[in-house]
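No experiment lies behind these values; they were computed from the predicted model shown.
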Amino acid sequence: MLMAKLASLWPADQPHLPIADLKKWFASYVYLPKLRGSAVLESAIAEGVSTSDPLFGYADGYNEATVQYEGLAFGRLAPTVFQPGSLIVRKEVAAETSRPVSAGTGAGMAPVVGSAEPGDGQPGQSGGRNEPSAQPTNRKPGRFFGVVEIDTIRPIKSFETIVNAVVAELQRRPGAKITLTLDIDATPHDGCDENDVGVIRDNTKQL
């Protein structure tokens with residue numbers, strides 16, 4: 001729906017569009033639907049970026065000096081908090097410039113963890129002479145572990161996005177063993193009364 005609304009507004013020769021401009025358009029143009037809040041637009045953008053067939057990309061910004069997009073996300077989970085200068089990037093442009101996520105970036109999910117050979121490191125010395133270091137063996141990453149906080153307002157939609165963007169890709173590998181675990185950590189502000197405790201306890205037992 002978002003792309004359908006932008007079809008006539010996004011100039012064809014413009015590779016990216018500031019999200020701040022989108023918010024202004026939805027707030028001022030009478031022929032566009034009114035949004036309940038900016039979170040609605042951000043949720044639509046995150047979903048469009050994270051699907052297995054992304055409609056567009058997301059970037060924290062564009063560096064004119066290096067002619068590169070910063071924090072580019074395409075076909076993976078978009079950040080849960082958008083930067084002030086964030087952009088949406090045309091699909092073909094994002095597909096051409098996107099790169100695999102490196103450690104420490106992304107939307108909070110840990111990178112794929114591969115195997116490491118014990119003893120890899122700096123060259124040692126033996127018998128008063130330098131010994132050459134062993135060449136590391138090229139191995140394919142063998143494990144993925146990710147932790148991400150689910151949106152409690154739209155948990156089903158958030159979970160569906162994760163399944164489509166990450167789990168479905170992992171399932172493409174023959175013989176892949178995948179385990180999904182749901183952790184719930186709730187701290188009611190003023191506690192729970194006996195009725196609430198009873199209902200939660202009974203529902204938990206049944207599940």
Side-chain angles (χ1 to χ4, degrees), residues 1-112 141 144 146-151 153-154 156-173:
M1 182 181 295
L2 176 60
M3 283 303 299
K5 299 299 181 182
L6 295 180
S8 60
L9 297 175
W10 193 346
D13 60 346
Q14 191 169 337
H16 55 262
L17 193 65
I19 294 179
D21 288 354
L22 294 183
K23 294 180 179 180
K24 293 180 181 178
W25 292 354
F26 278 98
S28 57
Y29 294 162
V30 296
Y31 52 85
L32 290 178
K34 298 304 177 185
L35 303 180
R36 184 174 56 187
S38 59
V40 177
L41 177 61
E42 293 175 356
S43 176
I45 293 174
E47 184 176 346
V49 171
S50 306
T51 61
S52 56
D53 184 20
L55 300 177
F56 42 76
Y58 165 88
D60 289 333
Y62 182 72
N63 192 319
E64 297 284 353
T66 61
V67 197
Q68 291 182 345
Y69 290 101
E70 299 176 345
L72 180 63
F74 182 71
R76 63 179 180 85
L77 292 178
T80 55
V81 178
F82 290 176
Q83 300 300 318
S86 57
L87 316 162
I88 59 172
V89 185
R90 286 197 179 276
K91 179 177 181 177
E92 57 273 16
V93 176
E96 181 179 353
T97 58
S98 62
R99 293 293 183 268
V101 183
S102 60
T105 61
M109 279 199 161
V112 174
F144 175 90
V147 177
V148 63
E149 186 172 338
I150 300 296
D151 181 8
I153 304 300
R154 303 177 64 189
I156 296 179
K157 178 60 67 175
S158 298
F159 186 76
E160 181 183 7
T161 301
I162 295 171
V163 170
N164 292 335
V166 179
V167 178
E169 296 300 324
L170 294 172
Q171 288 177 330
R172 298 178 187 275
R173 307 304 304 168

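To the nearest 0.5 Å, atoms CG (Leu32) and CG (Leu2) are separated by 10.0 Å. Atoms CZ and CD, from Arg76 and Glu169 in turn, are 13.5 Å apart once rounded to the nearest 0.5 Å. Annotation: the span from Trp10 atom CH2 to Met3 atom CE amounts to 6.0 Å, rounded to 0.5 Å. With values rounded to the nearest 0.5 angstrom, Thr51 atom OG1 is found 10.5 Å from Glu160 atom CD.
Val89 has its side chain out of reach of Thr97: every pair of non-hydrogen atoms, C-beta onward, lies at least 4.5 Å apart.
Across all their heavy atoms, Ala165 and Ser50 have their closest contact at CB-O, 2.8 Å. Across all their heavy atoms, Pro11 and Leu9 have their closest contact at CD-O, 3.1 Å.
Atom CZ of Phe159 is surrounded by 12 or fewer heavy atoms from other residues, nucleotides or ligands within 6.0 Å.
For Glu70, the salt bridge (charged side-chain N to carboxylate O under 4.0 Å, His left out) test picks out no residue, with sequence neighbours left out.
In this structure, the side chain of Thr161 engages the main chain of Lys157 through a donor-acceptor pair within 3.5 Å.
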Would you list the atom pairs, donor with acceptor, under 3.5 Å between side chains in residues 53-61 and any protein atom, with sequence neighbours excluded?
residue : atom : partner : partner atom : Å
Asp53   : OD1  : Lys91   : NZ           : 2.9
Tyr58   : OH   : Asp60   : OD1          : 2.8
Tyr58   : OH   : Gln83   : N            : 3.3

Between side-chain atoms of residues 14-27 and protein atoms elsewhere (two or more places apart, or another chain), which donor-acceptor pairs fall under 3.5 Å?
residue : atom : partner : partner atom : Å
Gln14   : NE2  : His16   : O            : 3.0
His16   : ND1  : Tyr69   : OH           : 2.8
Lys23   : NZ   : Glu42   : OE2          : 3.2

